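Comments concern the structure below.
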Amino acid sequence: QVQLVESGGGLVQPGGSLRLACAASGYTLDYHSIAWFRQVPGKAREAVSCISRDDGATHYADSVKGRFTISTDDAKNTVYLQMDSLKPEDTAVYYCAAISAPASLLQMLWMASDKYDYWGQGTQVTVSS
């Protein structure tokens, strides 16, 4: 059974950093690219970042570009989201998700949550002083 498990969330002050991890079990990440989404109550799920399995290309939402970095550790079957210069508006539940799509399509599809095959349970990130 495929499972994605997020970890690393917590409470941090504005300007601080957190690193989220998405660990895959039940299969390897060889055939899926991984993205991070976030959601606050009453709002739609928002795409944050994605890393392509095919060519390692990374994609970021404009709201996090320059502050967040996505990366992969193949040996650990884990994808990370390094979040720096955090702002109160980054507060949300963060989810990782897996999508099977070639790199040429991923750059167009990665922000569409309905295209993803598997989802984690989410981890809360709160940015507050």
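This structure is a prediction, so every number in the text was calculated from the model and none was measured. All residue numbers in this chain count up from 1 along the given sequence.
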Query raised in the report: Hey, quick one: are V12 and V64 part of the same hydrophobic cluster, counting side-chain heavy atoms closer than 4.5 Å, chains of contacts allowed?
Result: yes
Heavy-atom nearest pair, A47 first then M111, reads CB-CA, 3.6 Å
Minimal heavy-atom distance between S129 and P14, with the atoms involved, is N-CD, 3.7 Å
So the side-chain hydrogen bond (donor to acceptor under 3.5 Å, both in side chains) pairs with at least one residue in residues 91-102 (sequence neighbours excluded) are R38-Y94
- request: Report the C-alpha separation of E89 and S63 in whole Å, then their side-chain angles, then the decisive distance to 0.1 Å, and conclude whether the side chain to side chain contact (heavy atoms under 4.5 Å, CB included) test is met.
  value: CA-CA 10 Å; E89 51 263 44; S63 58; over 6 Å; no
Open item on the list: Side chains of Y80 and L20, heavy atoms from C-beta outward: is any pair under 4.5 Å?
Closed with: no
* To do: In sequence, state the C-alpha distance, the side-chain angles, and the governing distance for R19 and D84, and then conclude on salt bridge (charged side-chain N to carboxylate O under 4.0 Å, His left out).
  => CA-CA 9 Å; R19 189 178 76 157; D84 299 317; over 6 Å; no
request  = Taking the side chain as every heavy atom from C-beta outward, state whether V93 and E6 have any atom pair closer than 4.5 Å.
outcome  = no
Scanning both residues in full, the closest heavy-atom pair of T78 with A21 reads CG2-CB, 4.0 Å
Got a donor-acceptor contact below 3.5 angstrom from the Q13 side chain to the S128 backbone?
-> no
Closest non-hydrogen atoms of L4 and A98, given as atom of the first, atom of the second and distance, are CD1-N, 3.8 Å
Query raised in the report: Given L81 and S49, is the side chain to side chain contact (heavy atoms under 4.5 Å, CB included) satisfied, shown in steps?
Result: CA-CA 8 Å; L81 184 68; S49 182; 4.1 Å; yes
Is there a side-chain contact between D117 and H32 (heavy atoms, below 4.5 Å)?
-> yes
On a heavy-atom basis, the closest approach of A44 and Q39 is C-NE2, 4.1 Å
*asked:* Would D90 and K87 count as a salt bridge (charged side-chain N to carboxylate O under 4.0 Å, His left out) here? Give the steps.
replied: CA-CA 5 Å; D90 295 317; K87 304 175 181 179; over 6 Å; no
**Asked** Transitively linked via ILVMFWY side-chain contacts under 4.5 Å: Y60 with I51?
**Response** yes
**OP:** Check the hydrophobic clustering (I, L, V, M, F, W, Y; side-chain heavy atoms under 4.5 Å; chains of links allowed) and say if V48 and V79 are grouped together.
**Re:** yes
Do L106 and D54 touch side chain to side chain, with heavy atoms closer than 4.5 Å? no
### Message
Quick check: do C50 and Y116 have side-chain heavy atoms less than 4.5 Å from each other?
### Response
yes
**Prompt:** Are I70 and F68 grouped together when hydrophobic residues (ILVMFWY) are joined by side-chain heavy atoms under 4.5 angstrom apart?
**Reply:** yes
*Do R67 and M83 have side chains that get closer than 4.5 Å, going by heavy atoms?*
no
Determine whether the aromatic ring centres of residues F37 and W119 are separated by less than 6.0 angstrom.
yes
